[in-house]
Amino acid sequence: MNFLIVLLILISFIAFKIYQKTRVPKGLKNVSTLSFLDLAIAMLASYGLDKRWEDMREVLEKDGIGKIWFDGEWTIVVTDLELVKDIITKTDLYPKILLEESFPRSLVAKYYGTNVAVSNGDVWRRHRRVANPAFRNLPVHVFVESAMKLMEVMEKVDNEPIEAKSLMQRYTLDVLGKAAFGFDFNNLEDPNNVYVTTFNELIKDLGNPLFFLLSFLNYFPRTKTLKKMIKLNNLFDEIVEKKRQSVKSGEMDKKINNGTADLLEYMIQASSDPENPTLTSDELRYNLAVFMFAGHDTTANALTTILYLLATHKEVQKKVRDEILRVLGDDLTPSIEQQKELKYMNMVINENLRLYPPAPELQRRYNAQDVKFRNHVIPAKTAIVLFTYGIHHSSKNWENPEKFVPERFENEKHDHYAWLSFGGGSRSCLGINFSLFEQRVTLCLLLRKYEISLPEDSIHKDKLQLEPDNTGTMGPYPIPLIFKRNTD
Ligand code: HEM
């Protein structure tokens with residue numbers, strides 16, 4: 001019996017391999033193959049991207065592209081910078097693959113709908129025109145107030161470990177809720193807030209790798225996940241409706257005039273302008289969902305990894321602290337002008353985002369027509385992944401790529417497309433300044449008050465242990481860090 005089962009598995013495996021081979025398009029025959037089995041094992045065994053990169057490094061450093069079987073088709077993984085530039089700058093030739101196209105009938109497609117991050121062409125332009133003014137008018141007061149609240153919550157802490165990842169997640173979610181749609185999750189003080197728990201569970205459910213590896217599963221009902229989704233959608237809908245009411249009462253105009261409006265209020269104002277295209281209430285909700293996803297875990301991971309790097313590189317920590325004290329003097333939080341003067345801190349931030357890019361690959365694109373690359377022809381409609389983590393860790397692009405060297409950003413000598421933390425071209429991240437502002441304010445307050453170190457018995461002692469990136473963002477496993485008050 002056992003023998004029969006083994007034989008059946010073997011035959012299915014060989015049949016699968018033959019099927020995959022017959023599906024290789026002619027133009028991709030000579031493109032090296034990246035192992036699907038390695039990817040499946042990595043996803044199911046919860047490996048971090050550093051381990052996955054080790055499986056792919058040789059091919060990608062040598063050839064700049066590789067092909068991998070994913071979701072029933074051959075996908076091209078790219079690290080070659082010429083091709084990266086082509087893909088990023090020619091958005092009409094390389095549109096993003098929409099969630100509904102990749103995973104029809106999936107809850108993930110239903111939840112995010114059509115929004116500024118997942119749309120193409122004129123639809124994307126309409127969303128982006130409404131969102132742009134909001135991101136030009138950041139609610140600076142929210143960053144400052146929230147960072148002060150973080151310091152209050154940490155008030156009693158001295159010389160003891162705190163789990164930095166969940167602290168940063170709670171903090172950045174509070175910032176995002178208030179800055180994006182004026183909602184206080186109060187997650188710093190109330191870790192069990194019902195909306196936060198629902199949101200976290202929903203994101204985990206939606207990122208379940210089984211539904212990406214075996215996309216036919218999306219045809220089966222997922223009642224529990226759907227319930228969580230409806231709960232959050234109802235919250236977003238209520239918020240949108242309240243804001244629409246406040247346009248009528250004139251309250252929104254007041255907030256816009258005195259600079260205290262949130263992103264949603266700017267978007268509602270922009271889409272009420274007869275000169276501008278509008279967004280429906282559903283579309284506004286989809287954008288809030290995407291801001292929550294794109295704007296909270298990413299910055300939380302960035303802050304967590306930078307605190308780890310500072311804790312394990314005390315000389316860098318001291319240099320950043322000295323710079324803060326010199327540039328800010330008695331000011332607690334940096335003005336926009338002071339932020340530009342924090343040159344060394346900005347280098348450390350860039351180097352952290354290079355080593356641990358919170359968005360380790362860009363959204364999948366496809367090529368609208370055949371593309372010639374060296375002696376290969378990528379046939380039209382091939383799925384393409386720009387592999388940011390690989391680009392950032394390739395020795396073709398960076399000297400000693402695994403080393404933490406903030407100074408490499410001193411004169412920005414690197415190739416423009418070798419640093420893709422926030423993407424590039426017209427589809428680059430809308431929240432760059434949002435996130436950088438938040439990171440700088442937080443670092444200024446934390447480093448002025450505390451010296452940060454890694455406990456002796458940390459699992460991250462030899463190397464930062466990365467969690468799998470199933471939800472599309474990358475970060476470490478929980479990481480307790482010691483915060484000791486500065487005495488001078
Ligand atoms: C460290 C923090 C962040 C990182 C690393 C990051 C990374 C990225 C990357 C790589 C892209 C490009 C995706 C692609 O081309 O496929 C992107 C796009 C985007 N990001 Fe961010 N992001 C961060 C913070 C934020 C924040 C705070 C927000 C909003 C509050 C935000 C909203 C967006 C949006 C809306 C897009 C889509 C832009 C478009 O397609 O026009 N991000 N982000």
Side-chain angles (χ1 to χ4, degrees), residues 78 84 87-91 94-99 112 114-121 123-132 134-139 142-143 146 168-169 171-181 262-264 266-267 279 283-284 286-306 349-350 352-366 383-389 391-392 417 419-443 469 472-475:
V78 180
V84 167
I87 295 169
I88 280 190
T89 50
K90 298 178 184 160
T91 49
Y94 299 96
K96 289 187 179 180
I97 302 182
L98 306 183
L99 287 168
Y112 291 112
T114 308
N115 59 62
V116 64
V118 193
S119 53
N120 290 309
V123 178
W124 166 72
R125 275 183 272 278
R126 182 164 61 86
H127 281 262
R128 184 103 186 188
R129 274 179 63 185
V130 171
N132 271 340
F135 285 88
R136 273 200 299 270
N137 293 289
L138 292 177
V142 170
F143 298 122
S146 305
M168 290 302 121
Q169 280 175 332
Y171 163 59
T172 54
L173 190 64
D174 282 357
V175 174
L176 195 93
K178 278 193 253 168
F181 41 88
D262 54 51
L263 301 183
L264 177 61
Y266 277 106
M267 287 172 72
L279 293 187
E283 288 173 327
L284 286 169
Y286 295 141
N287 280 299
L288 293 189
V290 96
F291 294 166
M292 272 200 56
F293 173 71
H296 128 75
D297 240 8
T298 45
T299 306
N301 281 327
L303 280 168
T304 311
T305 52
I306 205 169
I349 288 177
N350 286 349
N352 171 50
L353 292 171
R354 183 190 69 80
L355 275 173
Y356 307 114
E361 57 187 47
L362 299 195
Q363 277 167 47
R364 287 196 304 161
R365 271 88 165 153
Y366 68 85
I384 299 175
V385 170
L386 291 190
F387 189 31
T388 306
Y389 187 92
I391 292 165
H392 286 190
Y417 294 93
W419 190 83
L420 283 187
S421 301
F422 292 105
S426 58
R427 296 301 302 251
S428 65
C429 178
L430 256 172
I432 300 178
N433 291 331
F434 185 117
S435 175
L436 292 178
F437 206 117
E438 189 177 351
Q439 291 183 48
R440 293 183 195 120
V441 170
T442 315
L443 289 176
D469 58 313
T473 57
M474 187 190 92

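Order of listing sets the numbers, starting from 1, for every ligand and every atom in it. These numbers come from the heavy atoms of this one structure, side chains and all, not from hydrogens, waters or symmetry mates. FYI, the numbering just counts along the sequence from 1.
- A ring-centre distance under 6.0 Å is found for Phe434 and Phe143.
- Protein residues with a heavy atom closer than 4.0 Å to ligand 1 are Lys96, Val116, Ala117, Trp124, Arg128, Phe135, Leu176, Phe291, Ala294, Gly295, Thr298, Thr299, Pro358, Ala359, Leu362, Gln363, Arg365, Ser421, Phe422, Gly423, Arg427, Ser428, Cys429, Leu430, Gly431, Phe434, Ser435, Gln439, listed by chain and number.
- The shortest distance between side-chain heavy atoms of His127 and Leu279 falls below 4.5 Å.
- Residues satisfying the salt bridge (charged side-chain N to carboxylate O under 4.0 Å, His left out) test with Glu283, not counting sequence neighbours, are Arg126.
- Interatomic distance, CZ of Arg364 versus CG of Leu386, reported as 12.5 Å (0.5 Å rounding).
- Under the 4.5 Å side-chain criterion, counting only non-hydrogen atoms from C-beta, Thr305 is not in contact with Leu355.
- Using a 4.5 Å heavy-atom cutoff, the side chains of Ser421 and Thr388 are not in contact.
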